[in-house]
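Data block below; observations after.
To find a chain, count down the sequence lines: A is the first, B the second, and so on, and within it residues start at 1.
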2 protein chains.
Amino acid sequence: MNPPSSKRRRATGRATLQDVALAAGVSPITASRALRGERSVAAELVQRVTAAVAQLGYVPDPAARALASSRSNQVVVLIPLLSNALFVDLLDAAQRTLLAAGYQSLIGVTHYHPEEEEALLRTYLMNRPAGLLVTGFDRTEAARALIHGSGVPCVHVMENRGEPGLYSVGFSQQAAGHAMTAELMRRGYRRIAFAAAQLDPRTLQRAQGYREALGAAHDPALEFMDAAPSSFALGAAMFERVLNTVPDVDAIFFNNDDLAQGALLQALRLGIRVPERVAVTGFNDLTGGGQMLPPLSTVRTPRGEIGLEAARMLVALMRNEAVAEPCLDLGFELVLRESC
Amino acid sequence: MNPPSSKRRRATGRATLQDVALAAGVSPITASRALRGERSVAAELVQRVTAAVAQLGYVPDPAARALASSRSNQVVVLIPLLSNALFVDLLDAAQRTLLAAGYQSLIGVTHYHPEEEEALLRTYLMNRPAGLLVTGFDRTEAARALIHGSGVPCVHVMENRGEPGLYSVGFSQQAAGHAMTAELMRRGYRRIAFAAAQLDPRTLQRAQGYREALGAAHDPALEFMDAAPSSFALGAAMFERVLNTVPDVDAIFFNNDDLAQGALLQALRLGIRVPERVAVTGFNDLTGGGQMLPPLSTVRTPRGEIGLEAARMLVALMRNEAVAEPCLDLGFELVLRESC
DNA sequence: CTGAAAGCGCTTACAG
DNA sequence: CTGAAAGCGCTTACAG
């Protein structure tokens with residue numbers, strides 16, 4: 001230990017808490033408390049500490065903090081894909097909110113593989129993150145145990161699940177699938193196909209909503225499921241496949257805007273009129289849909305708000321504050337343009 | 001200090017280096033060295049340490065490492081935007097490569113604002129990152145000083161600059177702008193407009209290449225620069241603006257595929273034939289271009305490879321290894337489809 | 001409301 | 001090639 005008389009700038013040249021305490025004429029613990037805004041420090045001392053911090057240009061060392069408190073200022077955010085604008089919007093909003101609250105984001109991309117998610121969790125949990133933001137509820141048992149065992153506050157995004165102890169911000173994928181299908185029925189479409197890619201859990205929930213809305217009218221032959229990732233090209237291919245397989249189809253509900261936009265382009269290429277010959281709708285309301293010919297009808301999903309609210313909820317949890325609504329449903333909105 | 005006899009599992013229940021050392025019958029320092037793969041540890045001891053690690057399920061604490069060595073295992077990656085697929089591709093490749101090499105990424109979005117970049121740098125540098133990946137060379141003097149003063153290895157992406165001490169992986173934006181323009185000229189187009197958005201430094205470099213290729217034929221009236229972010233909608237608007245302002249235009253070189261795709265859609269809407277009435281080309285070869293009507297001619301930029309190679313270069317720097325080519329030019333490629 | 005002591009779990013010199 | 005000592009810069013109990 002250094003004798004108190006030999007205190008000096010830290011090896012790196014940066015000022016330490018010690019320096020601040022010395023300059024403020026308080027103990028390091030008091031300086032620490034003042035810095036973190038713990039009440040129970042006299043106002044005057046807080047002021048002296050603040051002044052010393054400013055004067056010395058002191059910045060706390062996150063590593064030292066993390067080591068001493070066994071908790072970092074970083075939040076792990078796990079999303080399936082970076083190549084889907086949906087998750088990028090979510091991420092952008094969450095990251096911005098977290099940063100404003102003093103937390104840094106550690107981003108992990110799972111590529112829709114539960115095993116990859118588990119590996120990322122294992123790696124990132126080593127950092128003792130302050131919080132966790134994960135997508136949906138579909139994960140390995142081990143991942144679930146890892147999350148629970150870590151004791152780190154966790155918010156789930158994109159879906160809701162009303163179990164006690166679970167926090168989530170999302171909307172009902174099934175209700176959204178139901179609503180768009182019902183709208184198509186209301187408009188008089190009778191042979192409504194459902195075309196989906198990726199086949200992740202949320203896609204399947206939308207399919208469930210589609211079936212539910214159709215009720216007795218549901219025909220399995222009208223469901224087209226392709227596990228490949230969605231893209232314009234796949235949408236184009238699926239569009240043709242649907243028309244060829246089910247000649248009397250009068251509407252196609254694509255599970256994603258990428259697919260639907262690709263289908264619209266293919267219809268143009270083929271000279272097939274939308275919505276006269278066949279209606280086309282999408283999902284998510286990604287950018288560009290309104291520019292299509294005809295403009296795409298779709299379901300607007302509130303991913304930005306989800307990112308924002310999930311980050312807020314997580315911040316509350318990390319600060320041990322109460323969370324009013326642990327299962328926050330942000331809804332969705334039908335955007336009816338000209339493609340149906 | 002604990003007397004050696006009272007060593008136990010750490011407070012959190014996780015095994016510590018001490019535990020590993022004890023189990024392996026070596027000193028903690030030796031265990032530490034064995035773990036980090038420092039040669040100068042006898043093979044047999046390494047083996048004993050490895051076994052102890054496996055047996056105890058030991059995972060090192062990054063915070064303790066960072067504090068003791070004043071260097072973390074995190075790399076800061078700064079990109080302008082998350083809403084541009086270009087940077088997402090770059091990021092994805094870089095992050096994957098870094099993770100495989102044992103580094104975590106701390107992602108910062110600058111929104112093309114040097115001040116935001118500077119603030120992010122200031123925040124993230126507190127973490128003593130092991131490395132830095134930044135976009136381009138356009139930043140505040142303070143940011144430059146921050147980077148240099150930190151002593152943290154830094155690789156610049158998207159552009160090249162041959163100054164000693166600077167590391168970069170990219171391609172010549174100007175040469176790319178030149179090449180596409182020259183190709184249009186070669187095909188007989190004479191009134192070639194240049195339409196750009198965002199107006200970031202790389203956009204301006206492409207404009208420079210465009211002017212250079214045109215030489216004496218260059219006409220400032222054919223340059224359309226809009227500082228708004230690029231989008232389908234803006235591309236559509238610019239397309240009309242160009243045609244209305246310069247009726248004899250016969251080709252439009254859009255600075256970005258978003259813009260060009262929006263223009264193509266607008267041409268369809270207006271019934272203007274591409275490339276017969278006017279040719280359209282884009283930049284970057286983003287997804288969807290090949291699906292357009294007509295398929296979009298564009299410049300393919302190697303952002304994935306840039307991310308990969310930049311990460312590799314940074315890993316070499318962080319390991320104090322030699323870097324063969326500190327100014328790596330990965331080139332570009334004209335993708336000539338039917339829109340010109 | 002404030003502080004002295006101890007310790008978080010590693011690694012960096014310094015020896016030998 | 002290996003180790004004993006010291007310390008990285010904070011915060012957590014424990015007192016008062």
Side-chain angles (χ1 to χ4, degrees), chain A residues 1-4 6-22 24-49 52-53 56-73 126-128 130, chain B residues 1-4 6-22 24-49 53 56 58-73 126-128 130:
Chain A
M1 297 282 142
N2 282 331
S6 80
K7 294 274 192 297
R8 79 302 58 151
R9 288 339 216 47
R10 66 174 128 184
T12 62
R14 285 160 50 164
T16 69
L17 230 210
Q18 296 265 17
D19 302 325
V20 171
L22 218 57
V26 298
S27 72
I29 313 90
T30 299
S32 169
R33 287 199 267 248
L35 237 50
R36 282 172 297 143
E38 264 193 28
R39 64 163 162 282
S40 86
V41 177
E44 196 220 322
L45 295 192
V46 173
Q47 214 151 28
R48 266 156 50 192
V49 169
V53 165
L56 298 175
Y58 168 76
V59 284
D61 182 322
R65 274 194 165 163
L67 182 57
S69 67
S70 60
R71 186 115 306 176
S72 78
N73 70 328
M126 287 174 29
N127 297 343
R128 310 169 167 291
Chain B
M1 298 281 141
N2 282 331
S6 81
K7 293 276 190 299
R8 76 303 62 145
R9 292 335 219 44
R10 67 174 128 185
T12 62
R14 284 159 51 162
T16 69
L17 230 210
Q18 297 266 15
D19 301 326
V20 171
L22 219 56
V26 298
S27 73
I29 313 90
T30 300
S32 170
R33 287 198 268 247
L35 238 51
R36 282 172 298 142
E38 266 193 28
R39 63 164 163 282
S40 85
V41 177
E44 196 220 321
L45 295 191
V46 172
Q47 214 153 28
R48 268 157 49 194
V49 170
V53 164
L56 298 175
Y58 168 75
V59 284
D61 183 324
R65 275 196 164 161
L67 182 57
S69 68
S70 59
R71 186 119 305 177
S72 78
N73 71 328
M126 287 175 28
N127 297 342
R128 309 169 167 292

Stem segments of DNA chain D by first residue number [Watson-Crick or G-U, under 3.5 Å, at least 3]: C:1-3 with D:14-16, C:5-12 with D:5-12, C:14-16 with D:1-3
Residue set satisfying side-chain hydrogen bond (donor to acceptor under 3.5 Å, both in side chains) with A/S32, at least two apart, ordered chain then number -> A/R36
If the cut-off is 4.0 Å, is B/S70 near the phosphate of D/dC8, judged by side-chain N/O to OP1 or OP2? no
Using a cut-off of strictly less than 4.0 Å, decide whether B/T16 has a side-chain nitrogen or oxygen near OP1 or OP2 of C/dG9. no
Partner set under side-chain hydrogen bond (donor to acceptor under 3.5 Å, both in side chains) for A/N73, not counting sequence neighbours: none
Report the residue (B/A42 or A/A63) whose heavy-atom-nearest nucleotide on DNA chain D is the more 5′ of the two. B/A42
Of B/L45 and A/L67, the one whose closest DNA chain D nucleotide lies more 5': B/L45
Below the 4.0 Å mark, does D/dG3 have OP1 or OP2 next to a side-chain nitrogen or oxygen of B/S27? yes
Sequence neighbours left out, what passes salt bridge (Lys or Arg N to Asp or Glu O under 4.0 Å) with B/R48? Give chain and number order. B/E44
Roughly, in whole Å, what's the span from CZ in B/R71 to C1' in C/dA13? 17 Å
Partner set under side-chain hydrogen bond (donor to acceptor under 3.5 Å, both in side chains) for B/T30, not counting sequence neighbours: B/S27
Who passes side chain to side chain contact (heavy atoms under 4.5 Å, CB included) against A/A68, sequence neighbours left out? none
D/dT2 phosphate, OP1 or OP2: any side-chain N/O from B/R33 under 4.0 angstrom? no
